[in-house]
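Have a look at the structure below before the remarks.
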Amino acid sequence: MSKPKCYVQSPLGFTELTRDPYEDLLDSISPVVEPINPFFIAGNEYIPRIMEATGDQRQALWCLMAVRLYRVMRDEADMALAILVGEPPDFGVGAELGYGFALHDTGFKDFPVVAYRQDYRRAGETDNNLNGMALPPFMLTGGEFVDSLEAIPEALGRVAATLKQ
């Protein structure tokens, strides 16, 4: 049986400072899931052209890239890992969380999410240290919340074991 494909929702691949920790994260989860790295897709298919474009053309390319990544979630991913860092957590990750929940909630497909956040800054969030809008994707889809890097692979393994292959 093949490993489930896990779309990694994260802002960490955008900068040189966070790229190595992001790659380490992908390596740490690869024994239990097949990570889908949206930065690889975006970097190979869109980012160079986006950086050269201006105005409406740049906006259109960003839109095409986003649609491509949503379709990867829809057509290829079995589950997701959401890395929720910063204050507030990344807007793009929030959009991906919402899209994943919609896939699940509309009955299109089961799409559980493991959400990770280990951030000491709080701004009135729930006990899970998350904005309430981020709760349904992992609470109502069969996913989990974790607050340590070490707990991510085990949580992904538990959630992956519940998927129908």
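Atoms considered below: every heavy atom in the structure, side chains included; atoms not considered: hydrogens, waters and symmetry mates.
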Nearest atoms (heavy-atom pairs only) where [X] meets [Y]:
X: S30; Y: D27; result: OG-O, 2.9 Å
X: R74; Y: K109; result: O-NZ, 2.8 Å
X: V32; Y: P4; result: O-CD, 4.0 Å
X: P48; Y: A42; result: CD-O, 4.4 Å
X: L25; Y: S28; result: O-OG, 2.8 Å
X: Y116; Y: S148; result: CE1-C, 3.5 Å

Give every donor-acceptor pair under 3.5 Å between a side-chain atom in residues 149-157 and any protein atom, sequence neighbours left out.
from : atom 1 : to   : atom 2 : distance (Å)
E154 : OE2    : R158 : NH1    : 2.8

Say you draw a straight line from [atom1] of [X] to [atom2] of [Y]; how long is it, rounded to the nearest 0.5 Å?
X: R49; Y: L64; atom1: CZ; atom2: CG; value: 7.5 Å
X: L69; Y: E76; atom1: CG; atom2: CD; value: 10.0 Å
X: L81; Y: Q9; atom1: CG; atom2: CD; value: 8.0 Å
X: F111; Y: D105; atom1: CZ; atom2: CG; value: 13.5 Å
X: E96; Y: M73; atom1: CD; atom2: CE; value: 6.0 Å
X: C6; Y: I36; atom1: SG; atom2: CD1; value: 7.5 Å

R58 side chain to M51 backbone, donor-acceptor under 3.5 Å
yes
Within-4.5 Å side-chain heavy-atom neighbours: [X] and [Y]:
X: W62; Y: V67; answer: no
X: D110; Y: H104; answer: yes
X: L84; Y: L97; answer: yes
X: M65; Y: I47; answer: yes
X: P112; Y: L163; answer: yes

With sequence neighbours left out, the residues meeting side-chain contact (heavy atoms from CB on, under 4.5 Å) with N37 are Y22, E23, L26, F39, F40
CG of D56: more than 12 outside heavy atoms within 6.0 angstrom?
no
Atom CG of D20: over 12 foreign heavy atoms under 6.0 Å:
no
